[in-house]
Amino acid sequence: MIKITDMKKKAPYMWEIDKSFRSDMNVPARIFATREMLDDVLKDRSIEQLVNVATLRGIQSAAIVMPDVHEGYGFPIGGVAATLWPSGVISPGGIGYDINCGVRLVKSQLELSDIKSRIKLLGAAIYTSIPSGVGKGGDILLSEAKLDEVLRHGAQKMVQKGYGFEADIDHTESRGCLENADPAMVSHQAKKRGEDQLGTMGAGNHFVEVGVVEEIYDEECANAYGLFENQITVLIHTGSRGLGHQVATDYIKIMMGKMRDYGIVVPDRELACAPFDSPEGQKYFAAMAAAANFAWANRQAIMHGVRLAWRDIFGGKLEDLELLYDVAHNIAKIETHIIDGKLQKVIVHRKGATRAFGPGNPEVPKDYRDVGQPVIIPGSMGTSSFVLAGANRSMELSFGSSCHGAGRQMSRSEAKRRVDATSIINELEHRGIHVQAGSLKGIAEEAPQAYKDVESVVNVVHEAGIAKKVAKLRPLMVIKG
DNA sequence: ATGTAC
């Protein structure tokens with residue numbers, strides 16, 4: 001049993017469990033949180049899971065969680081684990097079932113007063129143009145050859161096909177395409193599940209949200225990002241749907257069967273993994289990249305749907321809605337970081353964690369390079385979302401990573417038991433937030449009280465120096481599955 | 001998160 005006294009304060013808002021805590025740990029466990037948050041964090045298995053992650057072969061510096069941490073499959077959500085390239089392990093559980101779940105923030109040049117009377121009309125138009133719900137398909141049915149092109153080229157393929165503009169690619173993490181993707185490593189079953197899911201939202205915490213910039217904290221960054229007070233924005237949160245889920249399922253099973261051969265012992269079978277440089281590690285990494293590309297293509301297709309709906313209601317050109325940025329928050333990437341004073345290539349697993357590279361980093365788009373990359377943090381349904389700017393201290397503390405959202409504080413089943421969906425909808429409507437949703441069960445699971453307070457979560461990464469607050473967005477219209 | 005179980 002892990003106690004609060006096992007955690008030592010190492011820096012402001014940063015706590016560690018020493019690696020001597022358990023004999024199988026290779027590195028300490030690091031937690032970004034306030035003192036008050038630590039009590040809550042110990043209520044589920046997330047810190048025990050973090051200690052388990054610290055035992056992985058080749059893990060570097062520390063197993064890390066952000067203040068939005070909660071229990072996940074094997075690894076905690078809100079976690080970062082960097083393993084030594086190329087001999088350390090890669091683990092599907094460290095990325096998550098929804099490979100390249102992520103968010104993209106779209107900005108308009110309209111202000112609240114311009115759209116107020118037509119906001120519900122816009123919500124209905126978006127709801128109609130973007131299919132949502134579990135297992136739901138859409139209008140685009142891809143042949144296997146066409147799907148393979150999407151898996152190989154991601155958002156870039158969509159832009160080529162007319163679902164967007166070159167500027168969208170400039171403002172997408174990794175330009176919306178991981179080069180090592182290999183469609184041949186994605187099972188037939190995974191492709192079957194994905195063939196009609198491009199341009200669909202899915203369910204759970206996925207959404208499209210129309211919001212308004214309520215507060216600017218940092219003028220310089222806001223100017224670089226093109227954000228201003230009262231501006232209308234659209235936030236899109238979704239991932240790789242059934243395709244990514246099947247890739248994770250397939251490779252977790254394969255790795256569970258191979259771990260013994262590699263002499264890998266893990267404290268929880270959900271930490272199934274393989275050495276990165278093994279055939280299984282390489283195949284999973286190529287399949288994960290393909291699923292990540294599918295997710296980027298999906299968010300690109302959804303943004304296109306939003307642009308069409310927007311033009312129907314407000315007129316103008318499709319380009320009037322500009323992509324601010326698109327971030328992945330469930331992904332593994334090969335990056336170079338400084339470890340013990342030396343440059344080292346590592347496999348950075350981010351599971352419910354957002355890359356937060358600071359000023360000057362060549363991975364940051366040219367337009368934003370002077371201020372750091374946009375870090376987009378959606379709140380829970382009906383609460384504000386935040387835009388932050390990556391700061392260079394994230395490189396020393398968290399492998400260039402920040403939090404990804406509010407983080408659950410209630411399990412889905414507990415939320416369904418305790419929350420009445422209809423009263424949530426009424427409450428939000430009363431506060432001027434319209435909800436257009438397909439399922440009442442989904443509303444209960446995603447109720448604001450099922451989540452932590454996003455503002456306190458964001459304040460921790462701001463105060464720790466990982467990313468700085470730029471703007472706060474207040475929701476006006478939420479479209480869900 | 002997810003054709004919410006094989």
Side-chain angles (χ1 to χ4, degrees), chain A residues 44 46 49 68-79 91-103 130-138 141-142 147 186-198 200-208 236-254 256-257 270 272 287-288 291-292 294-296 298-299 302 327-332 349-354 378 380-381 404-417 421 437-447 450-451 480-481:
Chain A
D44 67 15
S46 53
Q49 291 185 326
D68 52 344
V69 60
H70 58 107
E71 198 177 312
Y73 179 87
F75 292 60
I77 293 162
S91 175
I95 289 135
Y97 274 92
D98 189 2
I99 294 166
N100 191 6
C101 187
V103 278
I130 298 160
S132 61
V134 179
K136 195 79 179 172
L141 181 67
L142 296 167
L147 178 58
V186 176
S187 68
H188 177 72
Q189 197 184 2
K191 290 180 186 178
K192 196 74 197 157
R193 286 179 70 172
E195 66 181 4
D196 66 343
Q197 292 189 322
L198 203 55
T200 67
M201 195 186 328
N205 61 4
H206 292 168
F207 62 76
V208 174
I236 297 165
H237 181 198
T238 188
S240 50
R241 310 287 282 97
L243 184 141
H245 193 278
Q246 192 61 46
V247 167
T249 304
D250 292 341
Y251 282 93
I252 286 168
K253 192 170 170 211
I254 290 168
M256 276 180 176
E270 293 183 354
M288 183 220 72
F294 184 79
W296 271 312
N298 191 27
R299 291 196 287 276
I302 288 177
V327 296
H329 56 222
N330 281 11
I331 202 162
H349 299 67
R350 294 192 180 94
K351 181 189 195 177
T354 311
S380 53
M381 182 178 59
H404 85 306
R408 278 194 169 277
Q409 60 178 358
M410 230 184 253
S411 69
R412 291 184 181 281
S413 51
E414 190 184 354
K416 268 184 286 191
R417 257 197 331 271
S439 126
L440 280 177
K441 178 173 80 104
I443 296 294
E445 288 181 2
E446 298 305 318
Y451 282 83
K480 293 186 69 70

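Numbers restart at 1 for each chain; the letters A, B, ... are given by sequence-line order, proteins then strands. Model, not experiment: these values are computed from the prediction.
Among the protein residues, A/Lys441 comes within range of the nucleic acid bases, having at least one heavy atom under 4.0 Å from a base atom. Looking at heavy-atom distances under 4.0 Å, A/Ala203 makes contact with sugar-phosphate atoms alone, never a base. Using a 4.0 Å heavy-atom criterion, one finds that A/Gln189 contacts the bases of the nucleic acid, with or without backbone contacts as well. If you check every strand for non-hydrogen atoms under 4.0 Å, A/Gly202 touches sugar and phosphate atoms only.
Between the NZ atom of A/Lys253 and the C1' atom of B/dC6 there is a distance of 10 Å, given to the nearest Å. Rounded to a whole Å, the CG atom of A/Asn100 is 16 Å from the C1' atom of B/dT2. Between A/Asn298 atom CG and B/dT2 atom P there is a gap of 10 Å when expressed in whole angstrom units. Between the C1' atom of B/dT4 and the NZ atom of A/Lys136 lies a distance of 17 Å, rounded to the nearest Å. Put simply, CG on A/Asp98 is 6 Å from P on B/dT2, counting in whole angstrom units. The nearest whole Å value for the distance from the CD atom in A/Gln246 to the P atom in B/dT2 is 13 Å. In this structure, the OH atom of A/Tyr251 is 19 Å from the C1' atom of B/dT2, given to the nearest Å. If you measure from atom CD of A/Glu446 to atom C1' of B/dT2, you get 13 Å, rounded to the nearest angstrom.
Residue A/Arg408 forms a side-chain hydrogen bond (donor to acceptor under 3.5 Å, both in side chains) with just one option from A/Glu446, A/His70, A/Glu71, and that option is A/Glu446.
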Side chain to side chain donor-acceptor pair (under 3.5 Å) assessment of A/Thr238 paired with A/Arg299: CA-CA 7 Å; A/Thr238 188; A/Arg299 291 196 287 276; over 6 Å; no
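Note: A/His349 and A/Phe75 have parallel aromatic rings, judged against thresholds of 30 and 60 degrees for the angle between ring planes.
Contact between A/Ala248 and A/Tyr97 at its shortest, heavy atoms only, is CB-CD2, 3.7 Å.
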